[in-house]
Each structure stands twice: as C-alpha cells, then as structure tokens.
Number of protein chains: 2
Amino acid sequence: MTNASPTSARFASSVHRQRLARASKAASEQGLDALLITPSPDYAYLLGYRAPAMERLTCLVVPADGDASLVLPRLEEPLARHELGDLADDLEIIAWDETGDPIRLVQTLVGSPLRVAVQDQMWARFALRLRAALDPAEMVAAGHAMSALRAIKTPDEIDRLRSAASAADTAMLAITGERLSGRTEQEVSGRIRELLIDAGHDEAGFAIVASGPNSASPHHVADDRRIEAGDSIVLDIGGTVGGYASDTSRTAFVGEPPAEFAALFAVLVEAQRAACEAVRPGVPAASIDAVARDIISEAGYGDAFIHRTGHGIGMETHEDPYIVSSNPEPLVAGNAFSIEPGIYIPDTWGARIEDIVICTESGGERLNTTSTELNIVE
Amino acid sequence: MTNASPTSARFASSVHRQRLARASKAASEQGLDALLITPSPDYAYLLGYRAPAMERLTCLVVPADGDASLVLPRLEEPLARHELGDLADDLEIIAWDETGDPIRLVQTLVGSPLRVAVQDQMWARFALRLRAALDPAEMVAAGHAMSALRAIKTPDEIDRLRSAASAADTAMLAITGERLSGRTEQEVSGRIRELLIDAGHDEAGFAIVASGPNSASPHHVADDRRIEAGDSIVLDIGGTVGGYASDTSRTAFVGEPPAEFAALFAVLVEAQRAACEAVRPGVPAASIDAVARDIISEAGYGDAFIHRTGHGIGMETHEDPYIVSSNPEPLVAGNAFSIEPGIYIPDTWGARIEDIVICTESGGERLNTTSTELNIVE
C-alpha cells in the first residue's frame with residue numbers, strides 16, 4: 001500500500017465550503033451539469049487535502065445544482081473523514097467496496113446529463129469509462145471552469161506564494177555564494193535541495209543545475225558533469241511551502257564571462273525586466289510574452305528563446321494563466337505567474353532569469369527579490 | 001520550470017528496443033492501430049527514462065505496423081536525446097514549438113485509424129482532444145496491452161525488485177528494533193524515510209505509521225499522535241531501487257498484546273502464509289484472494305478485511321496483476337505482487353502483513369524475508 005501526502009494546503013473549512021460553492025456556480029455558468037474531480041490539485045483546492053491519484057477511483061462530483069458528493073474506495077474513507085473534518089458534513093460520502101463499481105456510482109449521482117466536465121488530469125482509463133457510462137453526454141475538460149477559480153489568488157494564497165518565494169530566494173542566495181567549480185551538477189543539485197528545505201520548504205521539488213553546454217537545455221537534468229571555469233550555469237529551483245509553489249531561476253558564471261556572453265545576458269536582463277514592468281490588469285498574457293520576445297528578437301537572439309515567457313503558479317508549479325503568444329486572455333488582479341525568458345545557444349551556453357510576479361491593481365509585484373544580474377562565482 | 005526525475009530505470013538500449021517491438025506486436029494482436037503513450041511508467045518502461053507528465057504534450061506513438069515516433073515540446077528535445085542515447089536512432093523525433101499543435105502532429109502520425117489505445121494515466125485533457133481529432137476512431141485504454149508486457153518480469157527486473165525488497169527489509173528490521181513509545185507517528189515515519197534511504201533506496205516513497213485506533217485506517221497518514229503502551233502499530237513502507245518498487249508491511253505492538261489481539265493476529269499470520277503458499281502459475285488471482293479471505297472470514301473477521309489481498313508491483317507500486325476477487329486471470333511465472341491481508345477493528349486497532357511475492361514455475365517466492373510474527377516493541 002502507499003499513502004496520501006500529508007495535508008499541506010488546508011485553509012479553514014469555511015474557505016473550502018466557499019470554493020465548492022464557487023465551483024458549482026462556475027459549472028452552471030459554463031453550461032455544465034457537473035464537474036467530476038479526481039485526486040489532483042483541483043481536488044486539494046476544493047477539499048483541502050491531497051489524495052493520491054490511484055487505480056481505485058476517487059471522484060468528487062460537484063453538480064451545477066445541489067450538493068457535492070464524494071465517491072471513494074472504502075479503505076480511503078477513514079483518512080478522508082479525518083482530513084475533511086467538519087467539511088464532511090457538507091458532502092454525501094459514498095464508499096465502494098473492492099468489487100464495487102465506482103463508475104456506476106458516479107453515473108447514478110449525475111443522472112442523465114447533457115454536458116459534464118472531467119478534471120484535466122483525470123486518468124484516461126477513468127475518463128473513457130465515464131464517457132461510455134454517460135453516453136450520449138458531451139464530455140469536456142474541466143480546466144477552464146477550475147482555472148476560473150484558481151487563477152485568481154486570494155490574499156491568503158498570495159501570502160503563501162510570498163513565503164515560498166522568499167524561501168527559494170534564501171536558497172538561491174546561499175548557493176550562489178558557494179564555490180561551484182569542481183563540483184558535479186548532481187552534487188550542487190543535491191545541495192540546493194538541502195538549502196530549499198533549510199529555508200522552510202515542505203518539500204524540495206526540483207533543482208535544475210545546467211552547466212556549460214548543458215545550460216543550453218532548458219530542462220536539463222543535473223548529471224555528473226563537473227562544473228569548471230568559463231561555464232555558464234542555469235539554476236532553476238523550487239518546492240512548496242504550505243501547499244504553494246516556489247520557482248525561481250538565476251544564472252551564474254564561473255569567473256568573468258566573455259564579452260559575447262555578457263552581451264547576451266544584458267539583453268536577457270532587459271527583456272525580463274521589461275516584461276515584469278508590463279504587467280497590469282487588462283493586458284493580454286500574449287502581450288507580456290511579446291514584450292520579452294521582441295527585445296530578445298531585436299537583439300538577434302529570437303531563435304534562441306525556445307519557450308514561452310512564463311506559466312501561472314499556485315498549488316501547481318505550472319497552471320493558468322500561461323504567458324505565451326497563443327493566450328489572448330487579459331491578466332486580472334490576483335493572477336500569479338512566472339516571467340522567465342531564456343536564451344539558449346546549442347552546444348555552447350544558455351541563460352535564464354525567472355521571477356514569480358503577482359498582477360495587482362497597480363501593476364506587477366515581483367515576489368522574488370534577489371538581483372537578476374549575473375552571479376559571478378568561483 | 002520544473003525538471004524530469006533522474007534516469008533510474010534504465011537498461012541497455014537493446015532492452016528498450018525489444019520492449020518497443022513487443023509493444024508494437026501487442027498493439028497488433030489486440031487489434032489496435034497504435035498505442036499513444038504519454039509520460040508515465042509505461043513511457044519509462046519503453047524508453048528508459050522518466051519524463052514528467054506536464055501541460056505540454058509529450059507522446060510516444062507506437063504503431064502496430066512501422067516504427068515508433070516521439071512527439072515532444074522543443075524545449076524537452078535536448079533532454080530526451082541525452083536520455084535516449086542511441087535509442088534515439090530508432091525513433092522519429094518530432095519537436096513542436098510553444099505555439100504548435102501537438103495533437104495535430106499525433107493525428108498526422110496515426111493517419112485514419114479504426115482503433116487506438118491511450119496510456120491509462122494520460123491526462124483527460126489530452127485524451128479528449130485526441131479522441132476528437134481521431135474521430136470516428138474507437139479509443140480505449142492501453143492498460144491491457146501494456147500490462148501484458150509489464151506484468152511478466154524478466155530476471156533483471158526481478159533482481160531489482162529483490163534489491164528493493166531487501167533494502168525495505170533492512171529498514172523494517174531497524175525500525176522494529178527501536179523504542180517507538182513516546183514518539184509521534186510523524187517522527188517515526190520520518191525516521192523510516194531516513195532508514196529507507198540508508199538501506200539503499202533511491203527515494204523513500206512512503207512510510208505509513210498507524211498506531212492505536214489509527215491502525216484501523218489502512219491508508220492512515222502519520223500524524224502527531226504519540227505512540228503509547230498497548231498500541232498496535234501498522235508499519236507499511238517502501239521506495240524505489242533502480243526504478244523498481246519495494247513495499248512491505250509489518251505490525252508491531254507496544255508491550256505484550258491482549259489475548260484478543262493475539263488471537264486476531266494469529267489468524268492474519270495464517271491467512272498471509274496460506275495465500276503465499278497458494279501461489280503458482282495457472283492459479284487465478286481471485287483464488288489467492290479467496291485463500292486469505294476464507295481463513296479470515298472463518299475466524300469471524302471477514303467484515304474487518306476491507307481491501308483486496310494484493311497488487312502487482314514493478315516500476316509502479318501498484319500495477320497489474322491485482323489480487324482481488326474480481327480478477328479471474330491466472331497467474332503466470334514472472335508475475336510480481338504483494339500479498340497483504342489486513343484486519344481492522346474501527347476505533348480499536350488493526351494489523352497487516354505484506355510481502356512481495358514472485359510467481360515462479362515452482363511456486364511463490366517471497367522477496368521479503370523478515371519474520372511475519374508480531375513485533376513486540378517498547
């Protein structure tokens with residue numbers, strides 16, 4: 001057997017009660033008869049505890065009209081009631097036995113819907129069975145309905161994001177103050193994980209250390225390459241604090257960088273700064289991407305900026321809103337997202353700068369406060 | 001950004017080449033035009049590296065006829081090529097840019113199929129979009145085709161499971177030799193995680209510590225309850241070694257157990273032993289469940305055994321074959337699974353014993369070798 005993660009994103013039951021009511025309202029507004037939410041960040045957002053996604057179906061049914069129900073395996077019921085506390089009084093909890101048919105239970109709860117939405121990350125094995133059981137209902141992904149709730153953070157959520165960013169900054173300051181040359185990427189990555197925990201993270205989620213030519217691979221996995229003089233090093237680190245994610249990137253250089261790298265990096269600093277400053281309610285996400293991309297392209301590095309400018313952040317490290325040229329949605333106050341342009345020259349070097357930014361009524365607020373300048377290290 | 005997990009389940013490229021060929025053959029045998037495999041244990045099984053399941057689609061396309069292709073975001077391409085090594089030569093690798101349409105790329109690769117299978121854990125958001133793009137093709141879950149490959153372990157895989165089981169046994173022996181009373185469940189759980197790593201696990205996956213009345217909740221999450229005299233304690237621990245999982249449960253008691261608990265536990269030992277001894281090729285999985293369940297039921301605890309007897313294990317802690325009354329499939333040599341009956345008396349106490357067992361031509365081989373008797377602890 002395996003167990004669930006400890007509760008880490010809990011607010012008062014009244015908060016989760018409001019979230020369930022808002023989810024029901026969002027379903028109604030989007031012409032959905034019900035939301036079907038399996039264990040995932042959406043599930044934790046609504047119910048306040050993280051259940052593992054497993055081969056046994058757990059499914060929260062949020063109807064557009066009426067009270068929510070929770071279908072779950074009988075052996076998960078004690079844990080669920082323990083974690084839910086008095087929120088359990090608001091739910092009909094229906095436990096199924098090992099040989100039971102949970103798909104049938106969900107079907108009975110939703111009746112004969114015209115249109116239902118399933119949680120974006122629901123396992124296909126469940127989505128396909130639910131689709132067959134609910135035929136001819138239309139089945140869509142719940143992403144839009146859920147992100148309408150989750151993409152606007154409350155002050156309490158922003159506090160947690162701020163705590164997480166601050167903890168990541170502490171770890172970043174510590175690692176960029178250490179000697180890095182002579183150590184392998186894996187060693188430095190392991191050290192960063194320690195620093196993330198020491199700084200107050202509940203868990204160290206990731207610690208990208210991409211050195212020398214590896215820094216040209218945005219999602220490089222730290223390996224046994226030994227860092228040496230003349231290396232650029234992309235550090236991209238994060239974890240969770242109180243169920244909310246941190247994510248920050250800085251670039252270091254072992255010794256003084258050649259003029260060519262310094263020139264590239266100056267463009268990146270400017271692009272990242274300008275994109276942060278462009279943040280305010282009403283500006284389309286695509287425009288923020290364009291601000292960074294235009295500066296990088298005009299300097300001749302357009303083909304080397306091979307990813308979007310950023311992603312929303314909250315209970316997930318990547319969530320809505322995405323800061324990408326294909327997203328015309330206007331930013332709204334309460335949005336939280338990364339701004340992280342990068343420039344990558346294959347087989348040579350790369351650089352990235354990443355801050356988490358909150359869209360406030362008066363503009364963008366950077367939660368990360370370390371300098372974005374190049375960190376010269378030994 | 002976040003990064004992928006380090007490679008941990010890699011075999012020689014020739015092994016993965018064979019696995020891809022077998023997957024293609026399995027698709028053909030099951031009347032499927034293609035398997036669509038997103039990052040998951042199936043993906044790691046076939047390609048030898050773990051990619052994260054993300055909002056950007058990565059999809060391995062394994063046609064029943066022809067070579068496999070890998071559709072992935074451009075920024076993941078350097079990592080994928082690095083991890084794939086010379087296996088990359090066997091794949092058509094198609095990278096898409098941030099504003100590209102990966103669903104369309106997959107559609108182009110599979111053409112106009114009659115029937116495709118999607119990886120069981122594929123996110124619903126992708127499965128629903130693929131389904132619409134491939135309409136009117138029938139879409140099914142790939143579970144059956146993939147488990148036909150993965151459920152029969154090779155000697156190399158069994159070696160890794162044996163190493164994992166041995167490491168878990170080392171940790172279990174250590175924790176049951178320590179004083180547990182006076183410590184909280186969380187403290188003991190944290191200690192077990194250290195012991196799992198010390199014993200050679202790459203990562204500590206879980207460490208259930210369920211004491212006193214909490215031991216009646218099979219998936220209890222360790223909390224701040226302090227262990228005291230007269231407690232039963234269910235310890236259920238595991239992690240991974242070389243990409244393969246360990247999972248073992250033992251029960252401890254603080255001080256001498258009352259006669260009532262001793263009687264219950266004697267039934268459990270007998271049920272677990274008998275189920276292990278019943279393992280051999282050709283026996284239906286349901287029969288193994290029945291062996292344990294009948295003994296427990298005849299002793300009057302039938303209603304207190306609220307879960308199946310076991311689950312397959314390999315790259316995932318839970319995978320096929322499931323040892324449950326609804327599974328008539330016969331065991332075959334090379335199957336690896338847990339045998340873990342439990343007895344749970346609500347609000348009072350509970351007990352579980354779990355071993356990983358390999359079905360060999362000559363019967364069941366227990367990989368866990370610690371005593372299944374009750375551990376009397378201080």
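So that the names make sense, note that chain A is the first sequence line, chain B the second, and so on, each numbered from 1.
Counting heavy-atom pairs under 4.5 Å between each of B:Asn214, B:Thr38, B:Thr99 and chain A puts B:Thr99 at the top. Counting heavy-atom pairs closer than 4.5 Å to chain B, the top residue among A:Met139, A:Glu77, A:Met122 is A:Met122.
With a 4.5 Å cut-off on non-hydrogen atoms, B:Arg129 does not touch chain A at all. Only the backbone of B:Gln119 comes within contact range of chain A, judged by heavy atoms closer than 4.5 Å. Contact annotation for B:Asp223: only side-chain heavy atoms (C-beta onward) come within less than 4.5 Å of a heavy atom of chain A. Residue contact with chain A, scored on non-hydrogen atoms closer than 4.5 Å, involves the side chain of B:Tyr322 exclusively. Both the backbone and the side chain of A:Ala124 have a heavy atom closer than 4.5 Å to some heavy atom of chain B.
Here the closest heavy-atom approach between residue B:Leu79 and residue A:Ser217 is recorded as N-OG, 3.8 Å. The minimum heavy-atom distance between B:Leu128 and A:Val118, with the atom names listed, is CD1-CG2, 3.9 Å.
For the salt bridge (Lys or Arg N to Asp or Glu O under 4.0 Å) condition, the pairs that include at least one residue of residues 310-319 of chain A, sequence neighbours left out, are A:Arg150-A:Glu316, A:Arg150-A:Glu319, A:Lys153-A:Glu319.
For the atom pair CD of B:Glu98 and CD1 of A:Ile323, the computed distance is 12.0 Å after rounding to the nearest 0.5 Å. A distance of 14.5 Å separates OH of B:Tyr344 from CZ of A:Arg74, quoted to the nearest 0.5 Å.
Between A:Ile306 and B:Asp97, the closest side-chain pair of non-hydrogen atoms is not below 4.5 Å. Residues B:Met54 and A:His219 have side chains in contact (heavy-atom distance under 4.5 Å, counting atoms from C-beta outward).
With respect to A:Arg308 and B:Glu55, a salt bridge is recorded, a charged nitrogen being found less than 4.0 Å from a carboxylate O.
Heavy-atom neighbours of B:Asp135 CG from other residues, nucleotides or ligands within 6.0 Å: above the threshold of 12.
Take A:Asp120 and apply the salt bridge (Lys or Arg N to Asp or Glu O under 4.0 Å) test, not counting sequence neighbours, and it matches B:Arg125.
A donor-acceptor contact shorter than 3.5 Å is absent between the side chain of A:Gln121 and the backbone of B:Trp123.
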